[in-house]
J.: 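Below are the structure tokens for one structure; questions will follow.
Side-chain atoms are counted along with the backbone in the values below, which use heavy atoms only and exclude waters and symmetry mates. Residue numbers start from 1 in every chain, and the chains themselves are labelled A, B, ... in the order their sequence lines are given, proteins ahead of strands.
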Amino acid sequence: MSPGSVHGPGAPAPPDEPRTPAWRLLATLGSGGALAGLLLVVVYQLTLPRIEAHKAEALQQAIEEVLHDPARFDTLYLNAGQLTRELPAGADPRALERVYLGYDDAETPVGFAITAAEPGFQDVIRLIFGFDPKTGALLGMKVLETKETPGLGDKIEKDSAFVSQFTGVAAPLQGVKKGAGKGKPGEVDLITGATISSRTVVRAINRALERWRPALAAYRERRP
Amino acid sequence: MTTPLQVAAAPHLKGEMTTPRIMWGAVGSLVPVVAAATWFFGPSALLVVGSSTLGAVTTERLLGPPGALGDGSAMITGMLLGLTLPAGIPLWMAFLGSVFGIALGKVIFGGLGFNVFNPALLGRAFLQASFPVAITTWPGRPESWAALRGDNFAFPFASPQPDVITEATPLGLRKFEGADTPLWDLVTGSTGGSLGETAGIVILLCGAYLAARNYLNWRTPVSLLATTAVLSGALHLLDAARYPPPLFMLFSGGLLLGAVFMATDPVTSPVTNRGRWIFGAGIAALVVVIRVWGGLPEGVMYAILLMNALVPFINRATQPRVFGTRLAQAAT
Amino acid sequence: MKKTTPAADFARGLWRENPVLIQMLGLCPTLAVTNTVANSIAMSLATLFVLVASSFLVSSVKRLVPNQVRISTYVLIIATFVTIADLSLEALVPTIHKALGAFVPLIVVNCIILGRQEAFASRNPVGRSVLDALGMGIGFTLTLLLMGGIREVLGNGSLLGFRLFGPRYEPWIIMILPPGGFLTLGFILLTYAWWRGRAAAAARTRELAARTRAPAAAAARAKAVS
Amino acid sequence: MIGRNGFRHGVHPPERKELTSAVPIRRMPFPDEVVLPVRQHTGKPARIIVRRGERVERGDTLALADGFISSPVHASASGTVADIDWWPHPDGTSALAIRIAVDRYSPQVPRPRLVPAWNGLAPAEVVRAVQEAGVVGLGGAAFPTHVKLAPPKDQPVELILVNGAECEPYLTTDHRIMVEYPQRVHFGIRIMMHALGVQRAVIGVEKNKPDAIERLRETKPADLDVSVLPLRVKYPQGAEKMLIRSVLGREVPSGKLPSSVGVVVQNAGSVACLAEVFETGLPLVERIVTVTGEGVRRPANLIVPVGTKVGDAIRYCGGLTEDAAEIVFGGPMMGISQATLDTPIVKGTTGVLVLTRAQVPSRRVYPCIHCGRCLDACPVFLNPALLGQLARKGRYREMEAAHLADCMLCASCSYVCPSNIPLAQLFQAAKVGLRRQKASAA
Amino acid sequence: MSELFWILLSAMVINNFTLTLFLGLCPFMGVSSRVATGLRMGAANIFVLVLTSISAWVLNTYVLADAPYLRLISFIVVIASLVQIVEMTIKKVSPTLFRELGIYLPLITTNCAILGLAIFQTSRGYGFLQGFAFALGAGLGLTLALVLMASIREQTELADVPAIARGTALVLIIAGSLSLAFMGFAGLLSAG
């Protein structure tokens, strides 16, 4: 905005104007604010179901993708180092970290879906991956959010050859240059030309697993 | 009295050095570098450098001020840009890079002398941002010297065919695979890399020649190389396994080419000598930071461009102290 | 203010006072979200909606609002409509909403909108204000489409997602990166200045020609008279 | 080089002094006409007191000093005032001048003493005598000598610095004077010491004049505290501030005169001239000038009457060569090229330099490439590159802030500029422009 | 600690607010013709950005948890009043500082970098310290871009820029080049 084209909110009124009583100013702003608030509440209520549905759908899609279509999944909250199925009393659900536990048709747990984030080449890469504590192997990986270079770094999301490697690979992962692997478990071929981005994915998963491992282990033990 | 008297302003004597001579001197000393590149990479090198030079010269001719070709600066831009590219890059990309560098990096500022960024590097940065894969694909050695590398003749605006064998640069090897290249290979140039990255010795000799003839100001490259050596040496002493030794830093990547031919571009480097020391050191520090902690294996191009942007600032900060002013200040 | 026709109110924003190209307003969305045509459309429609709705409302209530709290009220009105646009986009087209990210709420500080309220809607009748807002909004839209078009075609080889040049086209990725935004707008402005320069030169030539002809004609007339 | 015997920066143009450095000073016969501009010195022009047709003898006062910072003009030859009119002036403009048709058969013998004998004069009387004799600095700027001999009371002078650097290429006037008349130099120093009440003097001579250094040392009177200091050969060693820096290791503060560091600088030729005036009793009516350059057939050092037209001097030196192209008054670095052979040699003319066509090629100007060579050349540490760019855009005020006033137009920057940018010329124009801006603002 | 450092560095150079996210373009185009002005504008921005970050955190944590639809309105109102209060305070406390910064403060209200910061901070779920680092980095990045642009523009004033490029077009091309050069910082600290 060019300076001076608009007076600041507190710019003094031109002297030739009649003085407006303060109550009128407050009343105008107050009633305007109230009307705006009212309008927004209405719109919010109208759009909320669809927005929530979109979000839930996106989450469900991601979980289904990394846990390979589980029959259903539970949300587990991390509270004081423990994973709990129920929201602890009085806790703010937004403040708690969580993982998702998927079950197959026979109600057997198939694995956890865990989100992770690490700074990549351009900005933070956020992803979700499925992990089966029984085998110690990954079930799948899906990038949720990335601003990596189009055509290069965004291959972590779009290159199916890269993404499919995260199914069945043993943790912790080890990123290797394409074709330079020695056949060890846990090896993931990095993307040529997008080494940093693909390595960030590997690192994000490894770090998340490291962080979650005690809680996941503890949770398994308590189950019959 | 046969001739009418000429009237001219003082001085009536002139030093020998002229701007075209400086520029053409640089062009001349780039010839051995191009020759070395051709020796290492075969005729592809000549094609790539030729294409980028053609792009630069054509653009300068069409858009630049009349007669600007005579000063030789467009020629330098084209050759330098070519030398920063891999041998197998499609020729149309090399051409496009020069067009961009000259048009938006030089002509738009008013031509020679007014540009803020090194046009060759701006062209290179444009290519790197546009075609990150093609510009970091270093094709492997073909059977015979005369065979072309990569896909020089890709149709304009079309992608190159994926090359079967590729090489990695020493810096890439180190950054992404933790593999070291023997120093001897670096010095002799038997490594992968862009055209002007492997001829370290030739570049040093050409630089020494230019400095001896007073075509370039030696302070920038000396400051740049010394700071790189000191910084990387200190890091190397701290953790020899993690940080590469100074000689590796000096001889790998485009550091020498940048130090001798790009950081010394008078137009885009500081005008004061103190400024040149700072400029060189700043480039070196950025190179070390980008190479060691950055996401890219090589940072010379970005380091020089970033320092180019700082040049007006450095100039302002290193204004010479005018004769007789320190005393005046002391007196008051 | 000079009396203008409704057509002029509408047309002003399209070209002669184009908010982006001439007034250099609203650069942030113009550069930030134009890496695809789809994003450009979504952004410009949202802006158009906010602009028209705010202009309508501001123009309608202008007599009720004391001058001292004028700007605050406008901001309140704009922010309300932006929130509505934001929520609606999120509900209707979640993918595009995600792509636009924070730039939808940032419509609030798009100087075009507040600028039109202050410069036009607060002083003119409702109908003309809406026309003006429509013109400005469409001018903004056109610019964004131009930007988005250039950037998507060069940067991705596609238009609205459809590949234009076949699979062998090598995209200029820079065009969909931030530097590409600056460079594209810069290039558009260069082209515009070049075109205007040529037009001005042509006009000068015509004028000169007319001026040199006129005295000759006058002289001829004078001769004929005498 | 820091410390004694040098200053920082500067340039090394080819010296070319060998053309005349070994040629003894010779007296040129009187020409048919001499032209004496009323403005031959720094300060107010002299006031004319003769009329057309009047007869004048050599040494007669033609125009009186108009104020303290002014200097009179004397007839340099006996003859008749032929005309008083505008005439080409060596500075490139035209100026009011008195033309004297020289008596062909006049013996030109000086009449009895016009300048009082020096012995027994009080310092103030010396100053007056020097002014009345029309003595000015002969090194180029022609600053009235008597003004230098009467410095402000609050800045006591401790040292007389005799400038024998002669750093301009080609010129050998001072060189020959120091070789041929070293006693005069010493005598001049004695007079200055008396007038100023100073005990000590230093003569600075560039090392490329070893014979001058030797002769000055040989002839030094035992009772004078004078030392001869060899200086590095570098342009502009002869600039006052550079010379003081070289000899004393001190910088004259920006915007101040040498007297602020207790020094009076006088060029060697002027010192000798001072002595000569008191020796002969004749006012300043002739000077020694180097006529040189590849465009002159027989380069020489000549004694010429002040006001001799340059064409006459050149003709005496065998005339111009076929390829002569430019005639410069002064040295090649700061001299001014002349449009006509009728320009008179005045008191401040140190040399007449004729350059050939090959030496003055047409110079194509290229854009500034910020190579910084001018910064390395500027002896007063300015940033000529920046100043030049500001000058091109007419931003004089900013140039003033960047110390334009400290530029002494030595043209070292222009000399080294690879892009042939006429920096010194731009700065001179800027100085004029700035003065004008200020005048119109005031 | 390293996370905070990365947030700061990211907002400053890797994802520079102005050169990569296009926030704060108005001052970037308008107030970047003199280095001294640019520096002052930058300083004013850093100050307001940090204050905004703190107030956005307070709002998000204590006020807006249940009414996210009021976020935008609250932010814009709070920022406007904040700037107003700061302006008055500075005027009272230090008239010198007010002369230096005062005229830039009202301009900041309509600067999208400020609102952008609040929105980004919210959508990324930054806590107090993270928000602080983010605001500081963003402010430093803005200042850096502003000052670089100003010093380059001062230099191009001496250049023979072709008529068609004078003004905004040249500034945009320079900004594009700067943005291109800043790409060199990509991946910083994430390579390990």
J.: Has Tyr69(E) got more than 12 heavy atoms of other residues, nucleotides or ligands less than 6.0 Å from its OH?
T.: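 Check passes, neighbour count above 12.
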J.: Which atoms form the tightest heavy-atom contact between Leu180(E) and Phe100(B), and what is the distance?
T.: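 In this case the closest contact between Leu180(E) and Phe100(B) is CD2-CE2, 4.5 Å.
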J.: Measure distances from Leu158(E) to the heavy atoms of chain B and classify the residue's part below 4.5 Å as side chain, backbone, both or neither.
T.: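 Backbone only.
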J.: Give me the atom names and distance for the closest heavy-atom approach of Phe117(B) to Ser177(E).
T.: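 Looks like CE1-CB, 3.5 Å.
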J.: Given a strict heavy-atom distance threshold of 4.5 Å, which part of Leu121(B) is in contact with chain E: side chain, backbone, both, or neither?
T.: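 Contact with chain E: none, neither part.
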J.: Find the distance between CD1 (Ile290(B)) and CG (Leu188(E)) and round it off to the nearest 0.5 Å.
T.: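 The CD1 atom of Ile290(B) sits 7.5 Å away from the CG atom of Leu188(E).
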J.: Could you pull out the closest heavy-atom pair between Ser151(E) and Ala309(B), with the gap in Å?
T.: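 Smallest heavy-atom distance, with atoms named: OG-O, 4.2 Å.
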J.: Using the rule given for side-chain contact (heavy atoms from CB on, under 4.5 Å), can you reason through Val289(B) versus Phe185(E), listing the C-alpha separation, both sets of side-chain angles and the distance that settles it, and then say yes or no?
T.: CA-CA 9 Å; Val289(B) 165; Phe185(E) 290 115; 5.6 Å; no
J.: Apply the side-chain contact (heavy atoms from CB on, under 4.5 Å) test between Phe313(B) and each candidate in Ile152(E), Leu148(E), Val35(E); give the one that qualifies.
T.: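 Only one option passes, and that is Val35(E).
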J.: What are the two closest non-hydrogen atoms of Leu296(B) and Met183(E), and how far apart are they?
T.: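 Answer, listing the atom of Leu296(B) first, then Met183(E): CD1-O, 4.3 Å.
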J.: Is Arg61(B) atom CZ crowded by more than 12 heavy atoms from other residues, nucleotides or ligands, each under 6.0 Å away?
T.: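 No, because the 6.0 Å sphere around CZ of Arg61(B) holds 12 heavy atoms or fewer from other groups.
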J.: What's the verdict on side-chain contact (heavy atoms from CB on, under 4.5 Å) for Thr156(E) and Phe114(B), showing C-alpha distance, side-chain angles and the deciding distance?
T.: CA-CA 7 Å; Thr156(E) 56; Phe114(B) 300 121; over 6 Å; no
J.: What's the shortest heavy-atom distance between Gly110(B) and Pro162(E), and which atoms?
T.: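 Looking at all heavy atoms of both residues, the closest pair is N-CD, 3.7 Å.
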J.: Quick check for you: among Ile304(B), Leu286(B), Val116(B), Leu305(B), which has the greatest number of heavy-atom pairs under 4.5 Å with chain E?
T.: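 If we count pairs closer than 4.5 Å to chain E, Val116(B) comes out on top.
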J.: Locate the shortest heavy-atom distance separating Ile108(B) from Val161(E); write the atom from each residue and the value.
T.: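 Between these two residues, the closest heavy atoms are O-CG1, 3.5 Å.
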